[in-house]
**Q** 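Quick one: this structure, given as structure tokens, is what I'll be asking you about.
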Amino acid sequence: MTPPWEFLLDEAAFQSILPPEHARFARPIREGLSLFLGGLPPEQQMSIVRAQAQLPASASFSQRLGILARSSPVLHKVGQILARDKRLPLELRGYLSELESLPPVVSQPVLEQAIAQELGPLDRLGITLGPAIAEASVAVVVPFDRNQSSSGSNSNGQTTTKGVFKILKPGIEQQLDHELRLLTQVGEQLDRRCQELQIPELDYEDAFSQAHVKLLDEVQLENEQRHLVEAKAFFADEPRVQIPELLEHCTKRVTCMERLSGGKVTDHGLFGGRPKRELAALLGEALIAAPVFSKREDPIFHGDPHAGNLFLTDDGRLGILDWSLVGRLGADVRRMIVQISLAAVVLDARGVALRMAELAAPQRPDETALKAVAEKWVACVRRGRFPGLSWLVAMLDEAVQQAKLRVPEDLMLFRKSLLALEGVVMDVGDRTGLIDRTLNMEFMRHFAVELPQRWFHPPFSHRFATQVSNFDITHALLGAPTALASFLTGHALDAIESCQGKASNTMNVSH
């Protein structure tokens with residue numbers, strides 16, 4: 001029997017919304033989504049059908065996908081990630097961006113009852129709830145005022161605390177766990193049919209299992225509460241960033257925190273290029289540069305920086321919300337990232353391949369394929385591309401597909417965060433490459449601060465924010481002549497290949 005939502009899964013329609021270089025993934029996406037939807041409970045499947053039936057017959061494929069994403073916490077999360085991906089059609093991104101902050105669907109009486117069950121009678125606590133203001137993939141945000149007696153505070157001898165409750169939707173833990181298990185089944189199917197579907201032979205099941213573990217953090221509000229405290233301390237010395245203060249009355253299903261006044265950074269209302277660029281640069285500094293150049297051993301980073309979690313507050317600060325999904329960018333990983341970039345600067349493709357392999361240890365990638373990937377991307381550096389974070393991520397993506405490179409779980413999450421943030425930064429500042437420029441400036445700033453201290457550190461010490469040792473600097477300088485020779489040789493070969501290509505085209509035309 002054909003599933004009632006099968007009309008949604010049109011392979012040609014998927015091809016129309018994918019970037020040309022990824023059009024071949026239309027079939028596996030269609031089949032994976034079919035397996036996922038088919039495993040949902042019958043009542044959820046019927047809800048999907050009803051939502052689609054309410055759309056006009058003229059509704060576009062992009063609009064239907066946007067509505068479909070609202071029916072599932074997993075699809076909701078995927079939609080939020082893709083909402084700012086500039087490779088996707090503008091119409092689709094418009095519908096997906098609505099997922100960043102949806103109007104509440106759970107009724108107010110249900111929310112009030114759920115909060116009261118967790119905290120007890122709210123009137124005894126002096127708490128007055130307001131109407132819910134937003135609904136995310138797994139939780140609803142409800143504002144509140146709390147009046148407390150305090151001498152000399154106002155005419156009534158009371159102070160008023162303005163906060164929000166983030167409360168899990170009823171039954172969301174079971175729903176999310178079921179959907180994540182379905183996601184693992186999709187990975188198993190893709191692993192079995194890589195050749196038939198003509199997709200890279202990766203360990204999809206393992207990748208989706210890693211996502212399973214990370215996304216379960218979304219419903220572990222006790223973890224988010226700890227992350228809020230840690231993030232508050234991490235940004236304590238950055239006055240331009242505001243992290244909500246954790247308040248009392250938190251439970252396993254409710255997070256109680258300070259209410260920030262403002263709106264999404266993409267709805268900033270700023271005029272003039274400079275204020276926009278400053279806000280965009282601040283996004284890159286706070287969410288990417290801060291953990292990359294931290295002196296802490298395992299600095300925290302935000303794992304879900306979509307526009308709905310990033311506020312421009314009324315006093316002009318960057319408010320960072322929703323710390324349920326986070327990662328750790330360990331010193332070893334950051335050091336290896338720097339080593340890869342340094343090897344690329346001196347055009348050492350062999351060194352780039354070796355460092356990537358070390359990044360994946362103890363797993364062993366396909367060394368021949370890894371070397372070919374490294375040579376390709378070092379050639380890009382020789383032709384003028386700076387080996388920054390965007391270059392690194394693109395190279396690692398290709399190494400994962402072509403050489404079966406396995407990178408640390410948190411680095412994969414960091415890559416996903418960078419993808420989400422790049423689109424937000426472009427929407428805020430209207431400039432490409434801004435994150436890389438921001439990282440370069442932050443590297444030079446930290447390096448300048450470190451210079452006087454370097455006289456007092458051993459040659460191999462990496463105890464710097466830049467993760468660059470004195471030996472690394474010396475090695476790079478000594479490699480400069482070899483890099484120059486590689487540049488000139490490679491440039492000559494590029495010129496020869498270009499001339500050969502033009503000659504071949506001329507001959508084809510003449511024939």
Side-chain angles (χ1 to χ4, degrees), residues 66 69-70 76-77 79-86 90 93-105 129-145 160-167 224 228 231-232 235 238-247 255-288 302-325 417 420-431 434-435:
R70 301 185 185 197
H76 189 140
K77 186 59 61 181
Q80 288 176 331
I81 296 170
L82 297 177
R84 303 286 168 176
D85 191 333
K86 300 299 181 182
L90 179 62
R93 287 188 278 122
Y95 286 115
L96 294 180
S97 67
E98 296 175 4
L99 300 169
E100 293 169 349
S101 184
L102 290 173
V105 174
L129 297 180
I133 55 178
E135 184 166 324
S137 55
V138 301
V140 185
V141 179
V142 183
F144 71 86
D145 292 338
T160 300
T161 299
K162 294 185 177 294
V164 293
F165 290 120
K166 176 181 176 180
I167 181 165
E224 181 187 19
L228 272 171
K232 188 80 172 176
F235 289 105
E238 177 49 89
R240 299 174 298 167
V241 172
Q242 184 175 11
I243 308 298
E245 186 87 34
L246 191 67
L247 305 177
T255 294
C256 181
M257 59 188 139
E258 174 187 9
R259 188 193 316 175
L260 303 189
S261 297
K264 290 198 302 186
V265 290
T266 49
D267 301 333
H268 49 65
L270 298 174
F271 295 97
R274 183 174 179 179
K276 294 178 182 179
R277 287 194 297 272
E278 288 177 349
L279 176 57
L282 177 56
L283 286 165
E285 291 173 26
L287 292 157
I288 302 296
H302 198 292
D304 195 19
H306 63 74
N309 289 336
L310 305 172
F311 262 41
L312 179 62
T313 65
D314 290 340
D315 60 0
R317 290 187 285 175
L318 171 62
I320 308 177
L321 311 177
D322 191 354
W323 286 86
S324 54
L325 185 60
S417 299
L421 191 63
E422 280 179 334
V424 175
V425 166
M426 285 185 63
D427 285 339
V428 169
D430 197 28
R431 291 181 67 182
L434 191 57
I435 289 180

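Basis for what follows: all heavy atoms, side chains included, without hydrogens, waters or symmetry-related copies.
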**Q** Decide yes or no for Val142 and Ile133: does some side-chain heavy atom of the first lie under 4.5 Å from some side-chain heavy atom of the second?
**A** no
**Q** Do Thr255 and Leu228 have side-chain heavy atoms sitting under 4.5 Å apart?
**A**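 Sidechains of Leu228 and Thr255: in contact.
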**Q** Of the non-hydrogen atoms in Val265 and Leu279, which two are nearest, and what is the gap between them?
**A** O-CD2, 4.1 Å
**Q** I need the minimum non-hydrogen distance between Ala134 and Ser101, along with the two atoms involved.
**A**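 What the structure gives for the nearest pair is CB-OG, 3.8 Å.
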**Q** Determine, step by step, whether Leu310 and Leu287 satisfy the side-chain contact (heavy atoms from CB on, under 4.5 Å) criterion, reporting the C-alpha distance in whole Å, the side-chain angles of both residues, the deciding distance to 0.1 Å, and the verdict.
**A** CA-CA 10 Å; Leu310 305 172; Leu287 292 157; 3.7 Å; yes
**Q** Go through the structure and list residues passing ring pair (Phe, Tyr, Trp, His ring centres under 6.0 Å) with Phe144, not counting sequence neighbours.
**A** Phe165
**Q** Please find the pair of heavy atoms, one from Pro104 and one from Ala132, that lie closest to each other, and give the distance.
**A**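 Answer, listing the atom of Pro104 first, then Ala132: CG-O, 3.4 Å.
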**Q** Please list, chain by chain and in numerical order, all residues satisfying side chain to side chain contact (heavy atoms under 4.5 Å, CB included) with Ala83, sequence neighbours excluded.
**A**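 Ala83: side chain to side chain contact (heavy atoms under 4.5 Å, CB included) contacts with Leu96, Ser97, Glu100.
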**Q** Which pair of heavy atoms, one from Asn309 and one from Asp304, lies closest together, and at what distance?
**A**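 In terms of heavy atoms, the two residues are closest at ND2-O, 2.8 Å.
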**Q** Go through the steps to decide whether Lys232 and Leu246 satisfy the test side-chain contact (heavy atoms from CB on, under 4.5 Å), and finish with yes or no.
**A** CA-CA 9 Å; Lys232 188 80 172 176; Leu246 191 67; over 6 Å; no
**Q** If you round to the nearest 0.5 Å, how far is CD of Glu422 from CG of Leu283?
**A**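 Atom-to-atom, Leu283:CG and Glu422:CD are 12.5 Å apart.
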**Q** Within the distance-only criterion (no hydrogens, no angle test), does the side chain of Glu245 pair as donor or acceptor with the backbone N or O of Glu258 below 3.5 angstrom?
**A**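 Looks like no, no N/O pair under 3.5 Å.
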**Q** Kindly say whether Val140 contributes a backbone atom to a donor-acceptor pair with the side chain of Glu135 at under 3.5 angstrom?
**A** no
**Q** Flag the pair His306 / Thr266 as yes when at least one side-chain heavy-atom distance between them is below 4.5 Å, and no otherwise.
**A** no
**Q** Is a donor on one side and an acceptor on the other found under 3.5 Å between the side chain of Arg240 and the backbone of Leu318?
**A** no
**Q** Considering all heavy atoms of both residues, which atom of Leu434 and which atom of Arg277 are nearest to each other, and what is their separation?
**A**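 In this case the closest contact between Leu434 and Arg277 is CD2-O, 4.2 Å.
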**Q** Say you draw a straight line from CG of Leu312 to CD of Gln242; how long is it, rounded to the nearest 0.5 Å?
**A** 11.0 Å
**Q** Quick one, Val164 with Met257, criterion side-chain contact (heavy atoms from CB on, under 4.5 Å). Give me CA distance, side-chain angles, the key distance, then yes/no.
**A** CA-CA 6 Å; Val164 293; Met257 59 188 139; 3.7 Å; yes
**Q** Between the side chain of His302 and the main-chain N/O of Asp322, is any donor-acceptor distance below 3.5 Å?
**A** yes
**Q** Looking at Arg84 and Ala420, what are the two nearest heavy atoms and their distance?
**A** CB-O, 4.1 Å
**Q** Got a sec, which residues hit side chain to side chain contact (heavy atoms under 4.5 Å, CB included) with Arg70, two or more places apart in sequence or on another chain?
**A**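 Testing Arg70 for side chain to side chain contact (heavy atoms under 4.5 Å, CB included), a comparison that skips the adjacent residues, returns Ile67, Glu98, Leu99, Leu102.
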**Q** Roughly how far, to the nearest 0.5 Å, is CZ of Arg259 from OG1 of Thr161?
**A**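 That separation rounds to 10.5 Å.
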**Q** Nearest 0.5 Å please: distance from the NZ atom of Lys162 over to the CG atom of Leu247.
**A**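 Rounded to the nearest 0.5 Å, the NZ-CG separation comes out at 13.0 Å.
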